[in-house]
Protein chains: 2
Amino acid sequence: MYSGIMNTPERLVEATRELLWERGYVGTSPKAIQQRAGAGQGSMYHHFTGKPDLALAAIRRTAGELRAAAGTSLDGPGTAYERIAGYLRRERDVLRGCPVGRLTMDPEVVADDRLRAPVDETLDWLRGKLAGIVEQGRERGELSATLVPADVAATIVATLQGGYVLARASGSSAVFDAGVRGLLALLDPNAGPSVEPSGEPSAEPYADASAEPSAHRSAEPAADNRSR
Amino acid sequence: MYSGIMNTPERLVEATRELLWERGYVGTSPKAIQQRAGAGQGSMYHHFTGKPDLALAAIRRTAGELRAAAGTSLDGPGTAYERIAGYLRRERDVLRGCPVGRLTMDPEVVADDRLRAPVDETLDWLRGKLAGIVEQGRERGELSATLVPADVAATIVATLQGGYVLARASGSSAVFDAGVRGLLALLDPNAGPSVEPSGEPSAEPYADASAEPSAHRSAEPAADNRSR
DNA sequence: GTCTATATAGAGATAGAC
DNA sequence: GTCTATCTCTATATAGAC
């Protein structure tokens with residue numbers, strides 16, 4: 001139930017955005033939307049033709065906000081690596097998952113071109129943005145010249161999206177942070193040599209990486225992850 | 001509707017596995033399960049206490065199959081890089097998503113410890129397995145000694161899980177393949193120097209990585225992706 | 001614009017006959 | 001073991017009064 005500062009269509013869209021994030025399209029009922037928005041059935045069907053129409057409005061707004069937020073991180077100053085690292089380490093409410101990416105697991109969203117379009121365009125835009133940054137980093141000698149920008153961009157976005165999956169599976173954002181650290185280490189131009197000249201297995205901090213479940217350990221705590 | 005080679009509990013579990021993969025837990029109704037299994041309501045409630053019970057059986061079996069399949073790829077011969085590459089490039093039905101990972105977007109699965117446990121354990125096992133391979137690669141000088149096995153393992157699994165998200169958003173497995181190529185390029189011990197000695201922006205195939213949507217291009221077609 | 005009927009279908013199960 | 005009622009609640013609307 002919202003406080004009455006927004007008008008009814010606004011409240012309906014906001015309620016739908018929240019529910020789509022929490023429960024997905026299939027798991028969100030008109031009734032739940034109406035209750036959270038503090039609006040009656042009549043109001044909802046007066047302003048929107050039905051659930052798909054309302055969901056479309058909600059998805060578009062969520063997609064727009066994601067672009068705005070990502071743009072802020074990615075258009076900042078710094079080297080290519082720094083901008084990518086800044087984006088990846090940005091404060092996130094990891095356990096909630098990505099409000100855009102989670103929609104791809106909804107069969108009815110994927111099956112409906114109108115609903116899928118804003119999701120596709122947003123992730124596509126994000127990859128394009130990152131590919132541009134990688135390309136720039138290559139040109140300036142900040143990143144390896146052998147990298148294929150579009151491929152690395154896909155890897156970066158996939159690591160994020162998959163990080164949410166791992167975090168939700170384990171109930172903790174720790175694995176998300178680990179995935180981000182792993183990716184940044186692979187991208188880091190100042191990291192150690194690509195391959196040890198060979199020699200004996202240097203006994204270091206992480207030497208006992210056995211194949212046992214729950215036996216993972218990791219380094220630095222990485223940025224705290226809360227809120228949007 | 002199954003052909004009558006399996007008994008009723010078997011058919012119910014198989015139908016549930018398919019539906020959970022296609023539509024998730026929230027999107028799967030008892031009725032749909034019964035119809036696909038060719039069983040009546042009475043049969044279902046005779047063999048299982050309800051939807052959660054049946055889902056648990058289905059999830060456990062799916063998790064077991066994923067481990068078996070992944071184990072086959074990862075326990076094979078070859079260097080650490082080759083085994084990881086083999087696993088990542090394995091034939092997959094990318095657009096269907098991961099039958100285990102997709103469950104993390106289901107609020108009722110994540111909220112129920114019993115349902116979440118097999119999902120968590122499977123992804124945890126996979127990370128542990130990969131961490132072991134990375135560690136071995138480090139020891140043998142096949143991979144950079146600076147890598148943190150647990151972190152890189154998380155990155156690898158996240159890239160896979162996120163690759164499914166990107167593929168489903170775009171309706172094509174191309175982005176999944178791109179993400180895998182990007183990751184393998186970053187891991188490749190035989191790749192070019194970590195950073196170009198600086199110099200002019202070598203005009204190569206992928207030089208125009210602008211930030212425009214849908215303007216990504218990529219190299220080698222990578223393994224075809226069908227079936228499980 | 002908002003509200004209150006009213007309606008059809010399906011979700012998720014229980015009861016009891018066969 | 002399987003099948004057919006039966007039940008309550010919800011999903012997703014439409015109709016029409018206010």
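All heavy atoms count here, side chains included; hydrogens, waters and symmetry mates do not. Convention: sequence-line order gives letters A, B, ...; per-chain numbering from 1.
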Quiz prompt | Heavy-atom protein contacts under 4.0 Å, nucleotides 13-18 of chain C, coded B base, S sugar-phosphate only, - none | solution = BB----
Rounded to the nearest 0.5 Å, how far apart are [atom1] of [X] and [atom2] of [Y]?
X: B:Thr155; Y: B:Leu130; atom1: OG1; atom2: CG; result: 10.5 Å
X: B:Leu20; Y: B:Thr28; atom1: CG; atom2: OG1; result: 5.0 Å
X: B:Met44; Y: B:Phe48; atom1: CE; atom2: CZ; result: 8.5 Å

Exercise. Please give the angle, rounded to 10 degrees, between the axes at the start and the end of the helix from C:dG1-D:dC18 to C:dC18-D:dG1, where five pairs define each axis.
Key: 0°
Rounded to whole angstrom units, what separation is found between the [atom1] atom of [X] and the [atom2] atom of [N]?
X: B:Phe48; N: D:dG1; atom1: CZ; atom2: C1'; answer: 13 Å
X: B:Glu10; N: D:dT2; atom1: CD; atom2: C1'; answer: 18 Å
X: B:Asp53; N: C:dG12; atom1: CG; atom2: P; answer: 15 Å
X: B:Tyr25; N: C:dG12; atom1: OH; atom2: C1'; answer: 10 Å
X: A:Gln34; N: C:dG1; atom1: CD; atom2: P; answer: 18 Å
X: B:Ile33; N: C:dG10; atom1: CD1; atom2: P; answer: 16 Å
X: A:Leu19; N: D:dA11; atom1: CG; atom2: P; answer: 11 Å

Quiz item: Would you call B:Glu108 and B:Lys51 a salt bridge, taking side-chain N to carboxylate O under 4.0 Å as the test?
Solution: no
Exercise. Output yes when B:Arg11 and B:Glu14 qualify as a salt bridge under the 4.0 Å nitrogen-oxygen rule, no when they do not.
Key: no
Practice problem: Could you check B:Thr122, B:Val119, B:Thr16 and say which one makes a side chain to side chain contact (heavy atoms under 4.5 Å, CB included) with B:Ile59? | Solution: B:Val119
Practice problem: Test A:Leu56 against every option in A:Val109, A:Leu115, A:Thr49 by the side chain to side chain contact (heavy atoms under 4.5 Å, CB included) rule and name the one that passes. | Solution: A:Leu115
Quiz prompt | Listed partners of A:Tyr25 passing ring pair (Phe, Tyr, Trp, His ring centres under 6.0 Å), at least two apart | solution = none
Quiz prompt | Nearest listed nucleotide, side chain of B:Lys31, among C:dT2, D:dA11, C:dG10 | solution = C:dG10
Self-check item: The single option from A:Arg36, A:Arg102, A:Arg96 passing salt bridge (Lys or Arg N to Asp or Glu O under 4.0 Å) against A:Glu22
Solution: A:Arg36
